[in-house]
Amino acid sequence: MEEKYHAHQIELKTQKLWEENQSFAADYDASKEKFYCLAMFPYPSGKLHMGHVRNYTIADVIARFQRKLGKNVLQPMGWDAFGLPAENAAIQNKIAPSDWTARNINEMKSQLQRLGFSYDWRRELTTSNPDYYRWEQWFFTRLFEKDLAYKKTASVNWCETDQTVLANEQVIDGCCWRCNNPVQKRDIEQWFIRITSYADQLLDDLDHLDHWPEQVKTMQSNWIGRSKGISVKFTTEDDHFIETFTTRPDTLFGVTYLAVALEHPISIAATDKNPEIARFVSSLNKTNNSEEDLATMEKLGIFSGFYAQHPLTQKPIPIWIANFVLMDYGSGAVMSVPAHDQRDWEFANKYSLPIKQVVEPNDNSLCDLKNGAFIDKGTLINSENFSGLNFSSAFEAIAEELQKKNKGTKTTNYRLRDWGVSRQRYWGTPIPIINCKSCGAVAVPEQDLPVILPTEVEFKGVSSPIKSMPSFYETTCPKCGILAERETDTFDTFMESSWYYARYACSSDKTAMLNSEVNYWAPVDQYVGGIEHAILHLLYARFFHKLMRDEGLIESSEPFNNLLTQGMVLKDGSKMSKSKGNTVDPQELIDRYGADTVRLFSMFAAPPEQSLEWSDSAVDGANRFLRRLWRLVVAHVEGGGDEGDLSNYDNLTSDQKNLRQKTHETIIKVSDDYERRQTFNTAIAAIMELCNEIARFKSENSTDRRIAGEALRSSVVMLEPIVPHICHYLWKYLNFGSDIEEASWPEPDKKALERETIEIVVQVNGKVRTRIKTPPEISKESLEEMALNEDNVQRFLEDVTIRKIIVVPKKLINIVAN
RNA sequence: GCCGGAGUGGUGGAAUUGGUAGACACGUCGGAUUCAAAAUCCGAUGCCCUUAAAAGCGUGCCGGUUCGAGUCCGGCCUCCGGUACCA
């Protein structure tokens with residue numbers, strides 16, 4: 001055995017062995033309990049960054065731990081290969097997106113292999129490969145036929161100078177990131193998938209996700225935003241209706257104006273009539289489509305000149321055009337109650353609109369509407385014959401009255417909007433639709449799939465090359481045969497990442513999207529990924545799973561049983577990203593210390609769910625521990641080793657008992673940390689403590705060596721999921737050449753855990769005054785007596801009376817006195 | 001703005017169900033070893049007073065519940081993530 005630890009040498013040797021033995025290939029085996037462990041696959045942006053290393057190490061630790069428990073573990077890896085950065089690289093560096101992507105995949109794959117992750121590489125998939133996206137296209141045509149996919153106009157960010165659509169992140173302070181010219185909104189036809197039809201299921205099924213973090217479920221629940229209310233109709237002067245939704249029908253008599261979106265028919269009629277309004281509206285048309293900008297921008301509006309009739313009072317209500325009302329969301333109109341809604345209150349004050357109080361606090365206390373709206377539920381006033389009612393009776397009574405007059409109905413509303421999947425970009429899955437002048441939108445027939453995205457392209461300017469490529473879009477209508485044009489838009493890349501986890505079960509099947517093996521592997525037992533995906537990716541994947549279930553492709557209803565959301569790796573206080581230029585290259589660390597040190601460091605630095613502020617200084621310590629561990633094993637083996645006999649542990653000295661006790665306490669602690677708590681940092685700390693004790697322990701005879709050997713073997717096998725290469729070697733030395741990959745998780749020996757004395761904390765009035773050693777089974781009375789006899793307890797009991805004594809068994813005793 | 005988190009020594013973090021605040025590391029300081037250095041080993045290390053012991057203070061801020069609060073409740077502050085076309 002080498003005296004010194006040479007990381008690179010043993011890591012490369014071990015990795016070669018794993019590859020030769022196909023150590024991590026996982027196949028269907030009904031006789032074995034399966035465990036499907038998955039980390040979110042990467043976008044191949046160039047090189048791995050620390051966020052990847054953290055993500056993939058966490059998942060690999062769990063996968064390797066589950067193998068030690070004897071399960072049939074599948075851990076696959078692939079590439080979320082479509083996306084915007086490839087196009088930016090193409091424009092900047094004159095390289096085709098497919099070449100750029102392939103190059104990055106190569107680079108990142110070799111980095112993943114160098115880190116020793118236990119993947120079944122036979123199942124690798126790449127979403128930009130037609131073998132993958134053809135099934136996405138096929139599935140979309142199924143949705144289209146079921147009317148779950150449809151087309152409607154929606155607004156995008158348009159840069160007139162570059163003649164292109166911009167993503168929200170490409171709009172900076174209302175201007176294009178490339179040319180810095182102001183961005184406008186533009187309405188175009190786009191494809192949507194009816195996620196709102198699944199809103200109830202997506203919300204209600206959250207209750208069954210017992211092993212998801214509460215915070216993620218709360219965020220998804222708020223995002224879906226189911227609310228019960230009433231849709232109220234206001235009649236316009238030309239006898240049309242303006243529909244508004246409210247969760248507060250009890251405030252209906254307080255409506256003093258309506259606000260409609262810039263694109264609402266009323267606004268269009270007003271701009272046609274009045275050039276002043278037209279100027280105002282076009283001046284507001286510059287904002288970006290993001291919710292954040294919409295919520296924080298200055299709320300502006302203008303009176304449209306039109307009135308609507310209040311459904312119950314029949315009084316005329318002025319209609320205002322306002323920039324904060326969204327046409328894409330709900331009906332594009334809201335009823336405004338400035339007395340009882342803060343946003344309405346601010347708008348009303350700004351434009352001197354009337355504020356009419358119709359609810360008062362239940363305790364009749366005064367509320368001053370000069371300082372803000374009164375938004376609590378209370379008792380109705382100024383509301384004709386509804387005055388005096390509380391919220392819930394007013395809700396019912398007003399709903400009934402509106403229903404009777406045909407002016408409103410009870411409705412459930414969702415904050416969730418349908419999923420817009422069209423992107424006006426090149427590097428994505430072509431939408432498999434042909435637009436025919438006589439038949440309309442026609443799905444590409446199954447036998448004509450896939451619609452292949454041409455990869456030999458050149459970027460002239462910034463717009464998608466396939467939009468100016470007749471060889472791509474010119475075709476004939478599958479229904480009537482006349483000349484027609486393909487969709488040149490591509491899918492949102494969230495489409496690919498919504499079903500890849502299922503495709504791993506059969507990634508090379510050319511005959512079907514999913515086959516029956518998916519029902520063995522799915523659902524994923526452990527999904528690991530960044531908290532930044534808590535809403536969008538995870539909600540779309542849950543939705544897609546239900547769509548696939550309803551298409552008969554999969555049996556389960558949810559894709560991920562256990563979810564671990566890792567915190568971000570931050571540098572200088574914010575998310576590491578290429579655009580911010582604050583990435584740390586893990587390759588330098590691997591070159592310097594080896595993969596095991598990088599893995600150990602990233603698991604030790606913080607618990608997985610917490611964000612981790614990057615620091616280079618602690619890496620050295622991780623490497624020091626591995627060298628120390630190596631030396632401990634060398635010293636043990638060179639000092640005579642042991643026979644691995646675990647049978648006889650009678651008549652031990654107290655040092656021997658103490659080490660055995662520590663070993664088995666550590667096994668219990670580490671098992672719990674790995675399995676239930678998933679806090680690998682504390683598991684490592686516990687093993688470090690055990691190793692510190694081993695180092696202090698003097699092995700002088702064969703019994704000593706057996707006990708030290710047991711402690712070392714336990715440490716090594718429990719570290720294997722985190723630092724598998726070094727443990728592979730150390731295990732061989734400690735176990736006469738056997739392979740650690742075949743070893744199972746250690747079992748604690750209850751007999752080793754028995755203690756002769758324990759320490760009890762003694763408090764007086766909640767402050768620790770001393771600690772006493774007692775046998776574990778001591779009566780309450782004798783414990784109290786012992787505590788009261790302590791000098792440092794007596795001191796604090798002078799001139800006071802003992803009121804009571806609280807005893808927490810085996811922990812503490814608190815004497816309350818005054 | 002809205003939704004979800006986080007805040008503990010010089011630093012990363014620990015304290016699992018309301019019960020010993022600071023485990024385990026990093027760093028720093030002191031010592032051993034060495035011709036010297038690296039590596040390694042031993043010791044000290046929240047603040048304050050102190051020769052020492054003991055006491056006092058201390059988990060972002062203010063207040064509350066409790067015998068007892070880092071942990072629970074109310075109100076703030078700061079930072080991070082998401083906010084539907086970044087992935």
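Numbered from 1 within each chain, the chains take letters A, B, ... in sequence-line order. For clarity, every value in this text was computed on a predicted model and none was experimentally measured.
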Original post:
Looking at RNA chain B, which of residues 597-605 of chain A put a heavy atom within less than 4.0 Å of it?
Top reply: A/Phe604, A/Ala605
Give a yes/no on whether any side-chain N or O of [X] is located under 4.0 angstrom from OP1 or OP2 of [N].
| X | N | result |
| --- | --- | --- |
| A/Ser290 | B/U83 | no |
| A/Arg417 | B/A84 | no |
| A/Lys767 | B/C57 | yes |
| A/Asn681 | B/A25 | no |
| A/Asn692 | B/A25 | yes |
| A/Arg624 | B/C26 | yes |
| A/Arg627 | B/A38 | no |
| A/Arg696 | B/C42 | no |

Original post:
Can a cation-pi geometry be assigned to A/Lys467 and A/Tyr426, taking NZ or CZ under 6.0 Å from the six-membered ring centre and within 45° of the ring axis?
Top reply: no
Original post:
Looking at B/C85, does its base get a donor-acceptor pair with the side chain of A/Gln190 below 3.5 Å?
Top reply: yes
**OP:** Record whether the side chain of A/Arg676 comes under 3.5 Å of the base of B/U16 through a donor-acceptor pair of N or O atoms.
**Re:** yes
Expressed in angstrom and rounded to an integer, what is the separation of [X] atom [atom1] from [N] atom [atom2]?
| X | N | atom1 | atom2 | answer |
| --- | --- | --- | --- | --- |
| A/Trp345 | B/G1 | CH2 | P | 17 Å |
| A/Tyr43 | B/A87 | OH | P | 7 Å |
| A/Phe680 | B/A14 | CZ | P | 13 Å |

Original post:
If pairs are Watson-Crick or G-U with both distances under 3.5 Å, what is the dot-bracket string of RNA chain B, marking crossing pairs with [ ] and pairs to another strand with |?
Top reply: (((((((..(((......[....)))((((((.......))))))((........))..(((((..]....))))))))))))....
Polar-atom pairs under 3.5 Å, protein N or O versus N or O of nucleotides 51-55 of chain B: list them with distances, or write none.
{"from": "B/A54", "atom 1": "O2'", "to": "A/Arg795", "atom 2": "NH1", "distance (Å)": "2.6"}
{"from": "B/A54", "atom 1": "O2'", "to": "A/Arg795", "atom 2": "NH2", "distance (Å)": "3.1"}
{"from": "B/A55", "atom 1": "OP1", "to": "A/Asn792", "atom 2": "ND2", "distance (Å)": "3.2"}

Is it the case that [X] and [Y] place a side-chain donor and acceptor less than 3.5 Å from each other?
| X | Y | answer |
| --- | --- | --- |
| A/Arg542 | A/Gln220 | yes |
| A/Thr770 | A/Asn792 | no |
| A/Thr682 | A/Arg677 | yes |

Subject >> Pairwise P distance for B/U71 and B/G60, with rounding to whole Å >> reply: 8 Å
Original post:
Do A/Trp427 and A/Leu84 come close enough that some side-chain heavy atom pair is under 4.5 Å?
Top reply: no
Subject >> A/Arg54 (side chain) donor-acceptor with A/Gly567 (main chain) under 3.5 angstrom >> reply: yes
